[in-house]
Each structure stands twice: as structure tokens, then as C-alpha cells.
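Single-structure report; data block below.
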Amino acid sequence: MIKRNPLVLGNKTLKDVTDDICAPLERFPSKSWVAMFLGAKTLLLFYICILGAVVGVGIGLLGVTHPVFWGTMIVTFVFWIGIGHAGTLISAVLFLFRQKWRTSVARTAEAMTVFAVMTAGLFPLLHTGRPWLDYWLFPYPNQRGPLWVNFRSPLLWDVFAVSTYATVSMVFWYIGLVPDFATIKDRAKNKIRRSVYGALSLGWRGTAKNWSHYEMLYLLLAGLSTPLVLSVHTIVSFDFAVSNLPGWHTTIFPPYFVAGAIFSGFAMVVTLMTLVRIGFKEFQNYVTLDHMEVMNKIIMTTGMLVGYAYASEFFIAWYSGNPYERFVFVNRAFGPYGWSYWVMVSCNVLIPQIFWFKKMRRSIPVMFVVSIFVNIGMWFERFVITVTSLHRDFLPANWGMYQWSWFDTGVLVGSFGMFLTLFLLYLRLFPAVSIAEVKPVLHVGYDNEGGHH
Amino acid sequence: MAAQYTKGIAGIWDSEALILKAAAKTREAGFTKFEAISAYPVHGMEEACGIKRSWIPYVTFVAALIGGTAGLALTYWTSAVDWAVNVGGKPFFSLPAFIPIIFELTILFAALSSVGALFYACKIPRMDPPVIDPDLSCHKFAIFIPHNDVGYDEAKIEKMFKDLGANTVKKTEY
């Protein structure tokens, strides 16, 4: 039998695990955390001001104009929704496949999902231009007819897909946290801490009967989240694919979007995990280089999947014999937005190829830089799909450029402020590795049988 | 939920192997209402305690059916009955277009009902459950036998727990 590498380094005991994972919650924040938090929080305040202006004055502040009426808001929405997918993938799909390495990264990846979906959710709401009327998106008996929503519209499918995804991933995340909250409550040294975490733990007691139900629920939620995560990005891709616009109207979109989402999501997990490992030294024994390497392999695989999708789109544009389709793709690569296409191809297809080398897969600085490039590339992928298809359609009268304004930059950069503020608070307040899930895999790699369960 | 405490006796162990053995022995001794407490799901504990498979999947299945039907009913009734609007010449009951809604509602109902079922099964949320030992949510394991269990005899149970390797035995409530 092949000997497994230990999933947790340092020959930890059960008590060590609890102590290590609770340490960041129980000590005074470090200077670097405070510095990062102040930075992120300032960016969040800037974001609030920008959004305030965009709502107050109108979305004319952004660069959307004829013929490009979908801009930063939609591009960045698809980007953030995609980021979320790796979290559900790690927690649900890898759980169903019995991948034990997921235990160390699942919690943080799920947190990333929840915050990314929260960040993403704002965009379509603000993109309507009159966010105070957004409740019209929900089907409820009303005094306007009753005028019901149009269930044939992909934008309404989005409302259902994104809100279901947000709800289920939040519930999944929270259910995973409940036993750990009970652990923190029992360790609490002061009363406030005890009551807050006591309330969060819902009075969890950890009896065998409870665990039996709990494990079944976890399995069910994983089973429900797996098709859900695939459906969400599929439905987001329908926003484009269901239209008749050349460059959007393609059947490859659903799988291509899902692959891209996993790709960008894993890149974000690697970015965040590298930082978590640097910021909280005790986590280096839990999120090991082996974990990072596996994620880098997934990044490379999905990178090649999206590379295949780019190539196949080109092939079909030529093979279909449709002149509009062919024009869009030639224009995409060599037209006025050609630079963004090549940024996308270099970041998403070429740069991750470095992970063929084991040394690179296991180098923290290399993976950090690559993951940043992948995130840039994936933002540009959505930009390329949205803007290049819109800016020149069937009629030359509908040709124009996207008028990128600094409000667009503000919205894009500011959204990172919101995400990072939430994420940094999470790192200080919640256990960033699942205590109850790591304990059963402690012995993997240490015993002779290669670990059971 | 108001907390109801039950008096009883608890043994505390330090290792996973010992608690598994102890749980099996406690069951063999005829106790039926005992609880085995651990900080994480211990492999093999269900067999040792004789716990039946969880019934939550039945709830999930029924809730999923209800969710799917609700999605179908909502889209059908609003688009084809209550306020039928001709959108681009599409049929009023455009089933393929309604599939995403039906699918998402199926998942949503199933997931939330399953969580509700867990809450019901585990009797949570409840305020301030009694803590036998704070280390039980960290690295120790316990078996608690309530005073109303069959054949409850403190001296005998204490001896049994000690023989099974418990490092502490205490009278407590849970």
C-alpha cells in the first residue's frame, strides 16, 4: 500500500489541534493583521462612497453607454460569483469524493464563498440603476396588476440561483461551524465571549446521536450543494448564452463558465491561504505544502480546460460558417480590445503551465504570483466576453467603445475592500480550520494502515 | 428552548479507542438511554452505541419534492393562469424556461428543511446546556448514564467505568 503523507504535520495531539486553531481568536491581533484590516476597511469606506455616488447620481457615472450597456457591474459580478465556487467545490464535491485533505482548507474556502457571493450579489442589484426598486425582482402578490415577474428571463433565473446559492452556502458554512463554536465557548475565559460563542453554538452537545444526525446532514448538504454549484454558474452563463448576440450565443458556455469559476476560485483560495499561512504560523502544520500543491494541480487542470474552451470557441466560429460569429472572434483577438484578449490568454492558459514543474507547484512565492495572475486573467475573461461581444454587433451603427471611467475602477477596486474586510474579520473571530473535521484525520500518514475512516 | 437537566453519572476517558470499547460495554450492560459525548464524530461509535441510521434523508426527500412542486406551481400559476403575458410569442407555460426556477427551489427547500430536521433531532437551539467537563469539546470523551435508565446503580456504574479505564467518574446532570 502506498504510504500517505500526513495531512497534519507536527504529530499533533487532539489538544494541540484545539489550541493551535483557537490561538488566533484568543490572542491580541498582530500588527500586520491590524495594518491589513485598516487598509481593507479604508478601501471599504471608499467603496461605500463610490457606490453612494453611483446610486445617488446614476449609473451614467460608470462607462456604460451605447452600445456597451453591460460593463464593470456585470463583469465584476460574474468574477466574484466565480470566486465563490471553489469554496463549495472543496467543501461539497471533495467531501463526496472522500478527499480528506479538504478538511484543512474547507472552512476558509467556504468563508471565501460566502463573502464572495455577498460581494457579487450587490452588483446586479446596483446595475439595475434603481436599486430601491429591486424588490420588483421577487415574485410576490402585489398591487401592480398583480404583475408577476417574467420567469422566462435569464436575469430572473439569476435571482433564484444566486439567492439559493448564497443561502445554502451560508447554511453549510454555519452548520460546519457549530461544533467548533461549542469548543470555543468551553474554552472561553470571560463571560461575554462565553455567551456570544454559546449562542452561536446553539447549545451543541456533541453526543453520539447528535453526531450521527449531523454527519448525515453534512452529507446531504454536500450532495445538494454539488449540483447547486454547477447550476449557479451555468445559469449565470445563460445570461449570455440565451441571447442571440454573436460571441455569447454558444452552447459551450455552461461548462466553460463552470471550469472558469473553479479555476478562479481555486486561485483565490491559494492567494488567501498563502497569506493565512504567513499571517498565522500555527496554520502551516494544517495547511501544508501538500495541500497547496493539490490546489495548484487543480488550477493547472482547469486552466487547460478554459484554454480548450478558448480554442474550441475559435474553431466553432470558423467551422460554423457564420460570418458574424467569425468576425466577433477575429475582432476579439485582433480588434481594438485585442490587448484584453491576450492578457486573458497569457494569464489563464500560459502562466499556469509553470505548475508542470513540481518545484514551482510547491513554491509559495511562485504560487502566490501565479494565483494573482489567474485572478487578473479571469476578470479579463469576463471583460472580454461581455465587452468585446457588445461593442461591435451586426450593424456598424452599433459599433463603439466602452467608456471606462474612474468610477469603474473605484467599483472594481472597492469590491476587494468589502471582501477583504469581511475575510480579515472572519480570520480573527471564527476558527479558520475546522477543528472537529481535522481531528478524525490526524492519524492519516502516521499509522501503518495509511489511515482509516 | 428551556433547559431540562437530568441527573446521572458520567465517566470521562482520554482516548478514542477506550471510549469505543466503553460505549459497547455500556450497551451490553443493558443501558439504553446513555449518551456518548465527543468533540468530533468518532468512527464506529454508532455501532458501539446501537444508534440507528439518521431519518433526516426522508425529510430531505419529501422537502425536495415539495420544493420542486412549489417551483412548478409558482411558475405555472403566475405565467399561465394569473397574469398570462405574451413574451416574444413564447407559450404561456414555457416549461424549459422554468426548469432553473424549479431546480433552485427544490434544492432550497431540501437544504433548509434538512437543517430544520437536524435542529429538531438534536433539540437545538437551546440555551446553556450543562457542561460535564469543558474538555469534552476538545480532547476528552465521556459516557453519561441518566438516573432513569434501566438498572441504574451508581456504585455498579462507577466500578464499571473504572474497570473500562475511565480516569474520572462523577455525579452530574446533563
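In what follows, chains are A, B, ... by sequence order, proteins preceding strands, each numbered from 1. Please read all numbers here as calculations on a predicted model, not as lab measurements.
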A:Asp180/A:Arg107 ion pair, N-O < 4.0 Å: yes

Honestly, the part of B:Leu74 sitting under 4.5 Å from a heavy atom of chain A is both

Bottom line for A:Pro227: the part with an atom under 4.5 Å from chain B's heavy atoms is both

Separation between OH (A:Tyr197) and CG (A:Leu177), nearest 0.5 Å, reads 10.0 Å

Turns out that what part of A:Thr167 lies under 4.5 Å from chain B's heavy atoms comes down to side chain

Bottom line for A:Asn150: the part with an atom under 4.5 Å from chain B's heavy atoms is side chain

Practice prompt. Using a cut-off of 6.0 Å, state whether more than 12 heavy atoms not belonging to B:Tyr58 lie near its atom OH.
Written response: no

Okay, A:Leu224 and chain B: the region with an atom under 4.5 Å from a heavy atom over there is both

Decide whether A:Trp148 and B:Asp82 meet the rule of one side-chain donor and one side-chain acceptor closer than 3.5 Å. yes

Ranked by heavy-atom pairs below 4.5 Å to chain B, first place among A:Pro179, A:Ala182, A:Gly198, A:Pro146 goes to A:Pro146

Turns out that what part of A:Tyr214 lies under 4.5 Å from chain B's heavy atoms comes down to both

Centre of B:Phe119's six-membered ring, under 6.0 Å away, within 45 degrees of the axis: is that where NZ or CZ of B:Arg126 sits?
-> no

(message) Can you classify the ring geometry of B:Tyr120 versus B:Trp55 as parallel (below 30°), tilted (30 to 60°) or perpendicular (above 60°)?
(response) perpendicular

